[in-house]
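Throughout, residue positions are numbered sequentially from 1 according to the sequence presented. Keep in mind that this is a model prediction, so the values were computed, not measured.
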Amino acid sequence: MDPLESAELALQTDGGDMTHGVYRALSKAGKEKDRRCTEVHERKDHFGVGHLRDTIKMPGGMRRAHLLKHTTQPQLSDILMGFAGENLYEESDEVTTPLITTLSSEKLTTDRQAFFTMLKAIVGSGVLFLPRAFVDGGSIFSCVFEVVVASLTAYCVLLLLTVRDEIGGGLSFADLGEKAMGSSGRIAVQVSLIAFQLGLVVSYFIFVTDTLSALVADFTNCSVILDPTVVIYIHALLQLPISCLRNLRSLAFAATIADFCIVGGLILVVTSCLGVIYQNGVQEVRYFNPVTAPMFVGTSVLSFEGVACMIPIKECMRNPENFKFVLTTATAVVCFVYVLVGLLGLLAFGNNIEQNVLISIGAHGTVSHVVSSLYVVAIACSLPLQAFPAYRVIERMLDIQSGKYNDTAKWTKNVLRSFILLSLAGFATAARRYLHFIVAIIGGLAGVPMGFVLPALIHDRILGTASPTDRMIAYSGILMSILVTSTTVYGWITAPEEVPSHCVPV
């Protein structure tokens, strides 16, 4: 019987008023205990403990419980295992439930942590191609259109996640594409994701080779000149064992090193460009270049290279209702950094700037050499992180089973990944002197459909909103993709081979 009811009945007995206070105190204590138990239960459920209790007997249950207790914030390697909403773990992996979901509330407990994770996911080597892209677009056009691309990127991410939240089920980007447009929609999403990620790998090979070659040439006063083909293939051979890894947790330390080098490198790039402007003054530049402006659009789209990581980041947020604000803030900060780096590089070096701004600043002292060294390490560490999602998506498209207990499947995956990596290295060798064309094509051919066209079509078709905005974004994106790709391909075919300003062989 409830203590309060007992108290009321006690008042009806002889001398009941003398014990009434005792019963009231017991009733109050009981209610307080129930309230605390309810709060604790809700808190445990919020932090995934209830889920772990139900799955503790499943394979990997004890490991999940340990990680839940001891992990504080996800690394980029964790986020990439949930790339585009996919579960990229091996089918027979001991972690049968994605850790990115199981550990969500504990791993990203604040909006501030989600904000910095977004910055790490978005900012990569693309920022170093922007100064050369600003030459293609012109100073004013490039600044304005960078803001447009940033705004559209954030808006389309929100469109995609709105659909995902509306229909439930934790569907991936490819699942949503199939639900909206059938099997062709799934294939379109997968092909755009694969092309985008592998295109980044090609640009990374060229970036590391050019930067390292220029760095060695500057250090030795051109007495040592590296053969770019040899450098690319040595880099590829070093990456081969890493490409066979089945779980990105093994690369968490490399991802941390890459984050540190990118932040330090960005700061030094800005200070180096300011130093060149202080010494030599502002170079003469064009405000708008109508012939090559579409190439800038492709590079600008590619520079937001972590868009597919936004789905797992939202899943990790303790307060997902704040995702829109966090995403908008992160995109605004990234846009500001990109405009700053692009504009400073353009004003410092003018139309003679190299494809990679680090090569242009490489001849300006020790600080420039430190910048180049940091970025070589950062991009080399980031390359396997960018390639891994593409490997897993290709393996699933080919229906290659897990190789954990099957040697044939294991070596099939190893050979496939090695073939892809070496093929990308070969393409990078052939197209090394046309890096800014490659970057623009990747952005136009894969980045625009993935970032703008497909999210808008998915939102329009699944929710049935018949929104003019969705259709305008989708159709404009298709036209933009055609224009960027065709303009860049024509410019690539007709352009003379660029001769580097330093003593690195062509």
Side-chain angles (χ1 to χ4, degrees), residues 124-137 142 149 191-214 228-229 231-233 235-236 239 291-307 338 342 345 353-360 375-376 379-380 382-383 386-387 390 420-451 480-500 504 506:
S125 66
V127 63
L128 301 178
F129 308 141
L130 283 175
R132 179 62 178 82
F134 268 55
V135 175
D136 295 329
S142 298
V149 169
V191 169
S192 63
L193 289 173
I194 292 170
F196 191 84
Q197 294 303 121
L198 295 185
L200 285 175
V201 173
V202 171
S203 69
Y204 281 16
F205 271 131
I206 299 174
F207 175 91
V208 170
T209 300
D210 284 355
T211 307
L212 185 61
S213 299
T229 302
V231 175
I232 288 177
Y233 277 106
H235 185 193
Q239 293 284 353
V291 177
T292 56
M295 291 177 55
F296 168 80
V297 177
T299 305
S300 178
V301 172
L302 178 126
S303 63
F304 290 88
E305 58 186 63
V307 173
Y338 284 0
I353 193 169
E354 292 281 349
Q355 301 177 114
N356 172 2
V357 68
L358 293 183
I359 298 177
S360 293
Y375 259 101
V376 166
I379 301 307
S382 298
L383 189 148
Q386 300 297 342
I420 293 173
L421 189 68
L422 292 175
S423 299
L424 295 175
F427 182 76
T429 301
R432 187 181 67 86
R433 294 312 313 162
Y434 302 98
L435 177 59
H436 72 288
F437 290 107
I438 295 173
V439 169
I441 289 176
I442 297 168
L445 198 58
V448 172
M450 181 184 73
M480 184 189 302
S481 179
I482 295 172
L483 178 62
V484 170
T485 305
S486 59
T487 302
T488 306
V489 170
Y490 177 78
W492 187 350
I493 294 173
T494 58
E497 185 174 8
E498 295 191 9
V499 179
V504 175
V506 185

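- Of the inter-residue distances, the one linking Leu128 atom CG with Phe207 atom CZ reads 4.5 Å to the nearest 0.5 angstrom.
- Side-chain rings of Phe205 and His235 approach one another, their centers coming within less than 6.0 Å.
- Annotation: side chain of Phe129 is not in contact with side chain of Ser303 (no heavy-atom distance under 4.5 Å).
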For this session: Dump the intermediate steps for side chain to side chain contact (heavy atoms under 4.5 Å, CB included) on Leu198 and Leu424, then the final yes or no.
Result: CA-CA 8 Å; Leu198 295 185; Leu424 295 175; 3.8 Å; yes

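- Counting only distance, with no hydrogens or angles, the side chain of Ser192 and the backbone of Met450 share no donor-acceptor pair below 3.5 Å.
- Looking only at side-chain heavy atoms (C-beta outward), Ile379 and Leu383 stay at 4.5 Å or farther from each other.
- The closest side-chain heavy-atom distance from Phe304 to Val149 is below 4.5 Å.
- Pairing each heavy atom of Tyr204 with each of Ser382, the nearest pair is CE2-CB, 3.9 Å.
- With a 4.5 Å cut-off on side-chain heavy atoms, Trp492 and Ile441 count as touching.
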Exercise. Between Arg433 and Asp210, is a side chain to side chain contact (heavy atoms under 4.5 Å, CB included) present by the stated rule, with each step listed?
Worked result: CA-CA 9 Å; Arg433 294 312 313 162; Asp210 284 355; 3.8 Å; yes

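- We find the CD-CD1 distance between Gln197 and Ile442 to be 10.5 Å, quoted to the nearest 0.5 Å.
- Side-chain contact between Leu200 and Leu302: present, with at least one pair of heavy atoms (C-beta onward) separated by less than 4.5 Å.
- For Ala387 against Val201, the heavy-atom pair with the smallest separation is CB-CG2, 3.8 Å.
- Note: Ile353 CD1 to Arg132 CZ = 8.5 Å, rounded to the nearest 0.5 Å.
- Pairing each heavy atom of Val484 with each of Pro294, the nearest pair is CG2-O, 3.3 Å.
- Residues Pro131 and Val127 approach most closely at CD-O, 3.5 Å, considering heavy atoms.
- Side-chain contact between Thr299 and His436 is absent, with no heavy atoms from C-beta onward closer than 4.5 Å.
- Put simply, the side chain of Ser481 gets close to the backbone of Gly444: a donor and an acceptor are under 3.5 Å apart.
- Tyr338 has its side chain out of reach of Ser300: every pair of non-hydrogen atoms, C-beta onward, lies at least 4.5 Å apart.
- Residue Leu130 holds its CG atom at 8.5 Å from OG of Ser142, rounded to the nearest 0.5 Å.
- In this structure, Ala431 and Ile438 approach most closely via the heavy-atom pair CB-CD1, 3.2 Å.
- Distance check: Ile206 CD1 to Ile232 CD1 gives 6.5 Å after rounding to the nearest 0.5 Å.
- Residues Val489 and Phe437 are not in side-chain contact: their nearest non-hydrogen atoms beyond the backbone lie 4.5 Å or more apart.
- Counting only distance, with no hydrogens or angles, the side chain of Gln239 and the backbone of Ala380 share a donor-acceptor pair below 3.5 Å.
- Here the straight-line distance linking atom CG of Leu422 with atom OH of Tyr233 works out to 7.0 Å at 0.5 Å rounding.
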